[in-house]
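To keep things clear, I will list the structure first and then write my remarks on it.
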Amino acid sequence: MREKVRRIFADAIQRAVALGELPPEASSREFAVDTPRNPEHGDFAVNAAMILARLAGKPPREVADLILRHLADDEGLFASTEVAGPGFVNVRLDPAYFIRELRRVEEEGERFGCVDVGKGERVLVEYVSANPTGPMHVGHGRGAVTGDALARILSAAGYDVTREYYVNDAGGQVTALARSVWIRAREIYRETHPDAVFAEGPTELGEDDYKGEYIKDVARVVMAGWGEKETEEILSGPFEPHRDRIAREAVRVVLREMIEPDLEKLGIRFDSWFFESSLHESKAVERAIEDLERRGFVTAKVLPPPKGFERDESEAEDRPQLVFLSTQFGDDADRPLRKADGSYTYFAGDVAYHWNKLQRGYSRLINVWGADHGGYVPRVKAAIQAMGRPADALEVILVQMVNLLKDGQPVKMGKRSGNFIRLRWLLDEVGPDAVRVFFLMRRHDAMLDFDVDLAREQSRDNPVFYVQYGHARCASILRKAVEAGLPRPGYRPEHAKYLTMPEELELAKRILAFPEIVAGAAKAREPHRIVFFVQELTALFQHYYEVGKRQGEKVISDDLEKSAARLYLIACMKRVFANALGLLGVSAPERMERAEEEGE
RNA sequence: GGGCCCUUAGCUCAGUUGGAUAGAGCGUCGGACUACGAAUCCGAAGGUCGCAGGUUCGAAUCCUGCAGGGCCCGCCA
């Protein structure tokens, strides 16, 4: 619709150029066709005249008149056009046109809202990627929901999306996990075998080990997979020979028992689980580094010791190490690829991982990370550039911290509470729909207060309710119509004759704006726009309903034609609610469950 | 000390990527139900868009500086 308007104006400018009334450059200048917030300014405001004023050497309003003279509205779209303010051209469309456009909602059904701004571009969205060393916390949850909604929106917007979870199952933390599990397994084993003798290995958890209670649960599940003799052999020590096996099994248990169930509850599915360990096993890390080396971005040099580590000078000089020259791409330090002990750094794995993503043919990479990883972005972008791709082939969405509130107070003082509280607790507490709505109703780059009490409340204050309410109410009215014996609503051209209330026109416009909202949310990578759209549409709907009631203009009345038209409008709206909620991954209920009144 | 993010009504937040008179919810005040869902709606009050410059026809939006808050600054992952 907007594009039609744009084309009509572009054609007019073209004609003016052909007649020499505007300079040739005028035809290539971009102009905006936006919807004014003030309804008096019509349906669309075109700023072309103001953009071209300087070029034409004439005042904007004069240019506007000139453009208007060449306007050719063949379809009869425009009800009126006028020059206003500093030089806007305000365009009002024929109201019936909007009503007729509602036909698209029925035709496109669950695809209504899909657009093609992505043009089939292959994009890999990497999100969650919580370490497989423990349960997900609330902070992970926000990233998970944001990434998932973004993936849904990008798909709807015509991108070819792959959702991927990067499992960090290599490196020191996994060793720590294995050791922690092993030590806990020994404790558990001794409970039933008091006489067991453990010859070698640590018996106490070390500084870097995982001390959470959940490690015992992991240990129990891992042990359950072992035979009696095997158990004895593994636990008697030493630890090292069994390290990799325990690590592998523990990671699998954590994924299966602590991470996948939470994702499942949230309705999040991945197309692909990518294991960091596979990059090491397949020598992809070596190959990626060699590739960078060939391009001249890797060198051996001596780095200053990391903070908190002491090292004497002589030792340092003996130890030049492999370093990626990320400063050449604007990073503030060159980044080591190998540690002092010769093993690869996490970053080396990540270089290989992103190299691999590009090799797989993704021209656009979107990573959803916690804001605390912000400092890590420049070096990965540097790696992307070193591989010969533009820096913005990688977009990193940094999701800000979550602050849990209960009784109006932060759940934990000091650090952000979201990084301590388990996601599963929150899911059990308020349910997946509430979790998703709360995580999606704020811009991802702003901190979020999650009021647990509010999310559970059954009131208008709870945004979850309002987000779902519109859909439920449409459903309710349509049920009523069925009870009244009315036929299933469908599109008919005559509807335009009956849907003449200003509120009905507003609703139709809003419904038809949905595809543009999706396009905007996709382009800006901002899922929260969908939430606001749903809330606004619901508010318009409520308004319509109340006004109708007051004026005796109900949806279902004795006037069958009018009822049919209004029910069609309601059906379109229900479809849009359902599609929008689908993009958010929030359920679209047919009815709101209402808690029993007290004193019943 | 350096980098990234945030700062809009009393509170929580939007603001269509630079458009016309900056919006919504909550809260406050005042209204509307013998019900197509009142879990709702209508109206009012409430603003130096953190501060100061700059860019231009035009700035909450872009550029610079400053202030306040958050996150980060490892041969951890």
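The chains referred to below are lettered A, B, ... by the order of the sequence lines, with proteins before strands, and numbering in each begins at 1. Note that this is a predicted model, so its numbers are computed, not measured.
- Looking only at side-chain heavy atoms (C-beta outward), Tyr127(A) and His140(A) stay at 4.5 Å or farther from each other.
- Closest to the Glu546(A) side chain, of the nucleotides A14(B), C71(B), U40(B), is U40(B).
- The nearest whole Å value for the distance from the CG atom in Asn462(A) to the C1' atom in U40(B) is 16 Å.
- Donor-acceptor pairing under 3.5 Å is lacking for the side chains of Glu126(A) and Tyr165(A).
- The residue Ala45(A) sits close to a base: some heavy atom pair falls under 4.0 Å.
- When each of Thr35(A) and Arg479(A) is assigned the nucleotide of RNA chain B with its nearest heavy atom, Thr35(A) is the one assigned upstream, toward the 5' end.
- Glycosidic conformation of U17(B) is syn; the angle stays within 90° of 0.
- Within the 4.0 Å cut-off from OP1 or OP2 of C42(B), at least one side-chain nitrogen or oxygen of His543(A) is found.
- In this structure, CZ of Phe532(A) is placed 13 Å from C1' of U16(B), rounded to the nearest angstrom.
- The closest side-chain donor-acceptor pair between Ser343(A) and Asp341(A) falls under 3.5 angstrom.
- Base pairing of A45(B) is not made with any nucleotide, judged by Watson-Crick or G-U wobble geometry with both donor-acceptor distances under 3.5 Å.
- Going from the C1' atom of G46(B) to that of U8(B) covers 14 Å, rounded to whole Å.
- Within 4.0 Å (heavy atoms only), Asn90(A) reaches at least one base atom of the nucleic acid.
- C73(B) and C66(B) have their P atoms separated by 24 Å, with the value rounded to a whole Å.
- A donor atom on one side chain and an acceptor atom on the other are not found under 3.5 Å apart for His373(A) and Asn367(A).
- If you check every strand for non-hydrogen atoms under 4.0 Å, His528(A) touches sugar and phosphate atoms only.
- Taking the C1' atom of each, A9(B) and C5(B) are spaced 24 Å apart, rounded to whole Å.
- Across all strands shown, Ala371(A) has heavy atoms under 4.0 Å from sugar-phosphate atoms exclusively, and none from any base.
- Regarding Phe324(A), its CZ atom lies at a distance of 17 Å from the C1' atom of C75(B), rounded to whole Å.
- Using a 4.0 Å heavy-atom criterion, one finds that Met50(A) contacts the bases of the nucleic acid, with or without backbone contacts as well.
- One C1' atom belongs to C71(B), the other to C11(B), and the distance between them is 24 Å to the nearest Å.
- With a 4.5 Å cut-off on side-chain heavy atoms, Thr538(A) and Phe577(A) count as touching.
- Close placement of the Tyr376(A) and Trp369(A) rings is indicated, their centers lying within 6.0 Å of each other.
- When the P atom is compared between A24(B) and C42(B), the two are found 10 Å apart, to the nearest whole Å.
- Under 4.0 angstrom from either OP1 or OP2 of A77(B) there lies at least one side-chain N or O belonging to Lys339(A).
- Residue-nucleotide stacking is present for Tyr545(A) and C36(B), judged by a side-chain ring centre under 5.5 Å from the six-membered base ring centre and planes under 30° apart.
- One finds a salt bridge joining Glu590(A) and Lys574(A) here, because a Lys/Arg side-chain nitrogen approaches an Asp/Glu carboxylate oxygen to under 4.0 Å.
- Counting distance only, with no hydrogens placed and no angle test, the side-chain atoms of Asn47(A) and the base atoms of G19(B) include a donor-acceptor pair under 3.5 Å.
- Residue-to-nucleotide contacts include no donor-acceptor pair under 3.5 Å from the side chain of Asp169(A) to the base of A77(B).
- Across the strands present, A52(B) finds its partner in U64(B); the criterion is a Watson-Crick or G-U wobble pair with both atom distances under 3.5 angstrom.
- Annotation: C62(B) and G1(B) have their P atoms spaced 26 Å apart (nearest Å).
- Taking 4.0 angstrom as the limit, Lys549(A) places a side-chain polar atom (N or O) nearer than this to OP1 or OP2 of A38(B).
- Looking at heavy-atom distances under 4.0 Å, Tyr466(A) makes contact with sugar-phosphate atoms alone, never a base.
- Set against C36(B), A77(B), C57(B), the side chain of Asn131(A) has A77(B) as its closest nucleotide.
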Contact pattern, 5' to 3', of nucleotides 4-10 of chain B - B, S or - by protein heavy atom under 4.0 Å: -SS----

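- Nearer to the 5' terminus of RNA chain B, by closest-nucleotide assignment, is the contact made by Val555(A) (compared with the other of Val555(A) and Thr538(A)).
- Taking the side chain as every heavy atom from C-beta outward, Ile289(A) and Phe324(A) never approach each other to under 4.5 Å.
- The residue Ala84(A) sits close to a base: some heavy atom pair falls under 4.0 Å.
- Distance noted for atom C1' between G30(B) and A45(B): 11 Å (whole Å).
- Residues Phe275(A) and Tyr166(A) place their aromatic rings such that the two centres sit no closer than 6.0 Å.
- The residue Pro60(A) sits apart from the nucleic acid: no heavy atom pair falls under 4.0 Å.
- With hydrogens and angles ignored, no donor-acceptor pair closer than 3.5 Å exists between the side chain of Gln173(A) and the base of C76(B).
- Residue contacts for Arg54(A): at a heavy-atom cut-off of 4.0 Å it reaches the sugar-phosphate backbone alone, with no base atom in range.
- In this structure, G10(B) and C26(B) make a Watson-Crick or G-U wobble pair, each of the two defining distances being under 3.5 angstrom.
- Distance Phe541(A) CZ to A39(B) P: 15 Å, rounded to the nearest Å.
- Residue Glu536(A) contributes atom CD, which lies 12 Å from atom P of U16(B) at whole-angstrom precision.
- Of the options Cys474(A), Pro487(A), Pro489(A), a side chain to side chain contact (heavy atoms under 4.5 Å, CB included) to Leu567(A) is made by Pro489(A) and by none of the others.
- Put simply, CZ on Phe465(A) is 10 Å from C1' on A38(B), counting in whole angstrom units.
- Evaluation of His41(A) against the base of A20(B) yields a stacking contact (centre distance < 5.5 Å, interplanar angle < 30°).
- Nearest nucleotide to the side chain of Met592(A), out of A20(B), G37(B), U12(B): G37(B).
- Distances shown here put every side-chain N or O of Lys480(A) at or beyond 4.0 Å from the OP1 or OP2 atom of C36(B).
- The side chain of Phe88(A) sits closest to G19(B) out of U40(B), G19(B), C36(B).
- Across the P atoms, A20(B) and G74(B) are found 45 Å apart, a figure rounded to whole Å.
- In this structure, the NE2 atom of His471(A) is 20 Å from the P atom of A39(B), given to the nearest Å.
- Pro60(A) and Gly87(A) make their closest contact through CB-CA, 4.2 Å (heavy atoms, listed as atom of the first residue, atom of the second, distance).
- Shown here, G37(B) forms no base pair; nothing in the strands shown gives a Watson-Crick or G-U wobble contact with both key distances under 3.5 Å.
- Base pairing analysis places G18(B) opposite nothing; no Watson-Crick or G-U wobble pair with both distances below 3.5 Å involves it.
- Nucleotide C71(B) has G3(B) as its partner under the Watson-Crick or G-U criteria, with both atom distances under 3.5 Å.
- Tyr469(A) comes within contact range of the sugar-phosphate backbone alone, with a heavy-atom separation under 4.0 Å but no base atom that close.
- A donor-acceptor pair shorter than 3.5 Å cannot be found between the side chains of Tyr469(A) and Gln535(A).
- Ala539(A) comes within 4.0 angstrom of no nucleic acid atom, judged by non-hydrogen atoms across all strands.
- Between Arg335(A) atom CZ and C76(B) atom P the separation is 13 Å, expressed in whole Å.
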